[in-house]
Amino acid sequence: MSLQLLDAVQHALKGDAELMELLELDSSSPSEEVVKRLTKGMEPEITVSHETVPHICQYVMPGRFSPNQLVFEGKFCLDFYAGTGYAAKLLFERAFRILHDKRITMPGWATYLCILTYDADFATGIQGVKGYKAIFDVDYLRMN
């Protein structure tokens, strides 16, 4: 279930030209370049440094089944890495506009409304790299 959620989130993010531009990508960028900027998981496939940002990590956080066992109350997190705090915040603000108060969809799969529940900057411990975190709540139907 969580892999489908991450696929749908990445589908939504990649579909936005403005966010792709902030990530120094475009719709024709090869998959190898996209993976260097968008990671499914807490740990990037690359070493994050001032030379490899901007970057977004997307991962699932603990959720639970609702009283209706067919609905899963999920959470996912986006960690934004950039060279400055301002640039990281710009990535967050664009992702917020793409995801907040919207249904996340991809062919054959959809969620209920996605809602931002938390956002704040965070220390990366990496010289020349700043971070910003966003956590979203999203409910979706359980797949058997």
Side-chain angles (χ1 to χ4, degrees), residues 1-65 70-144:
M1 290 186 314
S2 59
L3 184 56
Q4 289 174 315
L5 174 60
L6 292 179
D7 286 346
V9 170
Q10 186 158 339
H11 180 75
L13 296 176
K14 285 174 31 180
D16 185 77
E18 189 174 330
L19 181 70
M20 293 296 277
E21 185 177 320
L22 290 171
L23 289 170
E24 301 171 1
L25 297 168
D26 60 41
S27 60
S28 64
S29 296
S31 295
E32 304 82 45
E33 292 301 314
V34 173
V35 170
K36 290 179 183 176
R37 300 288 184 204
L38 288 167
T39 297
K40 291 180 196 170
M42 287 182 175
E43 191 171 340
E45 298 292 330
I46 59 163
T47 302
V48 176
S49 71
H50 69 282
E51 297 166 349
T52 62
V53 293
H55 191 88
I56 300 174
C57 286
Q58 53 186 353
Y59 52 94
V60 174
M61 301 189 74
R64 65 181 183 180
F65 287 102
L70 294 177
V71 176
F72 190 78
E73 297 173 346
K75 292 185 183 308
F76 68 91
C77 184
L78 299 176
D79 290 342
F80 304 93
Y81 297 92
T84 65
Y86 179 73
K89 178 83 177 188
L90 285 177
L91 287 168
F92 157 72
E93 287 178 356
R94 188 64 204 155
F96 173 81
R97 284 180 177 46
I98 297 166
L99 301 170
H100 178 73
D101 209 22
K102 298 198 174 60
R103 290 174 46 119
I104 303 171
T105 63
M106 65 178 203
W109 198 84
T111 69
Y112 297 100
L113 289 183
C114 177
I115 304 294
L116 177 72
T117 59
Y118 173 83
D119 69 288
D121 61 337
F122 65 90
T124 65
I126 305 167
Q127 185 174 0
V129 178
K130 303 296 182 187
Y132 203 87
K133 178 182 293 292
I135 300 174
F136 291 87
D137 279 348
V138 63
D139 296 350
Y140 51 96
L141 292 179
R142 180 174 96 173
M143 302 297 167
N144 292 326

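Values in this document were obtained by computation on a predicted structure and should not be read as measured data.
- Scored by the side-chain hydrogen bond (donor to acceptor under 3.5 Å, both in side chains) test, E21 finds no partners at all (sequence neighbours excluded).
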Would you please test R94 and I98 for side chain to side chain contact (heavy atoms under 4.5 Å, CB included) and show each step?
CA-CA 6 Å; R94 188 64 204 155; I98 297 166; 4.2 Å; yes
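- The backbone N or O of V129 lies less than 3.5 Å from a partner atom in the side chain of T124, making a donor-acceptor pair.
- Minimum interatomic distance between L13 and A95 (heavy atoms only, all atoms of both residues): CD2-CB, 4.1 Å.
- Applying the salt bridge (Lys or Arg N to Asp or Glu O under 4.0 Å) test to every pair with at least one member in residues 23-33, sequence neighbours left out, gives these pairs: E24-R37, E33-K36.
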Below 3.5 Å, can you tabulate the donor-acceptor pairs from side chains in residues 114-122 to any protein atom, sequence neighbours excluded?
unit_1, atom_1, unit_2, atom_2, d
T117, OG1, I135, O, 3.0
D119, OD2, Y132, OH, 2.5

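- In this structure, the salt bridge (Lys or Arg N to Asp or Glu O under 4.0 Å) partners of D7, at least two apart in sequence or on a different chain, are K40.
- Here L90 pairs with Y86, E93 under the side-chain contact (heavy atoms from CB on, under 4.5 Å) rule; sequence neighbours left out.
- With sequence neighbours left out, the side-chain hydrogen bond (donor to acceptor under 3.5 Å, both in side chains) criterion links K75 to D137.
- Atom CD of Q4 is separated from atom CG of L141 by 11.0 Å, given to the nearest 0.5 angstrom.
- Taking CG of L5 as the start and OG1 of T111 as the end, the distance is 7.5 Å to the nearest 0.5 Å.
- Annotation: side chain to side chain donor-acceptor pair (under 3.5 Å) contacts involving residues 50-59, sequence neighbours excluded, comprise Q10-Q58, T39-H55, Y59-D79, Y59-K133.
- Taking both residues in full, the closest heavy atoms of V34 and S29 are given as CG2-O, 4.0 Å, listed atom of the first, atom of the second, then distance.
- Residues forming a ring-ring contact (aromatic ring centres under 6.0 Å, His included) with H11 (at least two apart in sequence, or on another chain): none.
- The aromatic rings of F96 and F92 are tilted relative to each other, their planes meeting at an angle between 30° and 60°.
- Put simply, the residue from Y112, F72, F76 that forms a ring pair (Phe, Tyr, Trp, His ring centres under 6.0 Å) with Y140 is F72.
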Under the side chain to side chain contact (heavy atoms under 4.5 Å, CB included) rule, what do V9 and L78 come out as? Steps first, then yes or no, please.
CA-CA 10 Å; V9 170; L78 299 176; 4.2 Å; yes
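- Atom CG of L19 and atom CG of L99 lie 9.0 Å apart (nearest 0.5 Å).
- A82 and L91 make their closest contact through CB-CD1, 4.4 Å (heavy atoms, listed as atom of the first residue, atom of the second, distance).
- Annotation: ring-ring contact (aromatic ring centres under 6.0 Å, His included) contacts of F80 (sequence neighbours excluded): none.
- To the nearest 0.5 Å, atom CD1 of residue I104 and atom CG of residue L6 are 10.0 Å apart.
- Considering every non-hydrogen atom in both P44 and C57, the closest pair reads CG-SG, 3.6 Å.
- For the salt bridge (Lys or Arg N to Asp or Glu O under 4.0 Å) condition, no pair includes a residue of residues 100-112, sequence neighbours left out.
- Once rounded to the nearest 0.5 Å, the distance linking CD of E73 with CZ of F65 reads 10.5 Å.
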